[in-house]
Amino acid sequence: MKHAAFGLLMAFLTAGCVHGEAVEQVHAGMSREEVAAVMGPPDGSSNTAGRECQMYTVAKDFWSRVPWNMTDRYYVCYSDGKVDTFGQAT
């Protein structure tokens with residue numbers, strides 16, 4: 001029973017998360033469609049004059065996880081429809 005509860009908890013916590021391997025595939029110059037194909041839909045986005053930034057929740061690798069912190073936030077920003085900056089949000 002404990003294993004089933006733990007598995008259910010893990011599935012809930014990582015639902016909608018991107019895995020770290022996807023982040024490694026993002027690079028400058030990619031289009032929104034290319035990023036969406038790799039990362040999936042963003043958790044949210046913000047727009048400022050000519051620039052859009054999208055936020056993603058990324059599951060940490062197994063060895064970096066602790067029960068109270070299993071994900072990191074990453075951003076991908078676009079200028080003129082192409083990735084211009086990306087990385088871990090602080």
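Side chains included, hydrogens not; waters and symmetry mates left out as well; all remaining heavy atoms used.
Tyr56 places a side-chain heavy atom less than 4.5 Å from the side chain of Val35.
How far NZ of Lys82 is from CD of Glu34: 6.0 Å, rounded to the nearest 0.5 Å. If you take CE on Met30 and OH on Tyr78, they are separated by 8.0 Å, rounding to the nearest 0.5 Å.
For Arg51, the side chain to side chain contact (heavy atoms under 4.5 Å, CB included) partners at least two apart in sequence or on another chain are Thr48, Cys53, Cys77, Ser79, Asp84, Thr85. Listed by chain and number, the residues in a side chain to side chain contact (heavy atoms under 4.5 Å, CB included) with Ala89 are Met55, Arg73, Tyr75 (sequence neighbours excluded). With sequence neighbours left out, the side chain to side chain contact (heavy atoms under 4.5 Å, CB included) criterion links Tyr74 to Val23, Val58, Asp72, Gln88.
Few gaps surround CG on Asn47; more than 12 heavy atoms of other groups in view lie less than 6.0 Å from it.
Between Glu52 and Arg32, the closest heavy-atom pair is OE1-NE, 2.7 Å.
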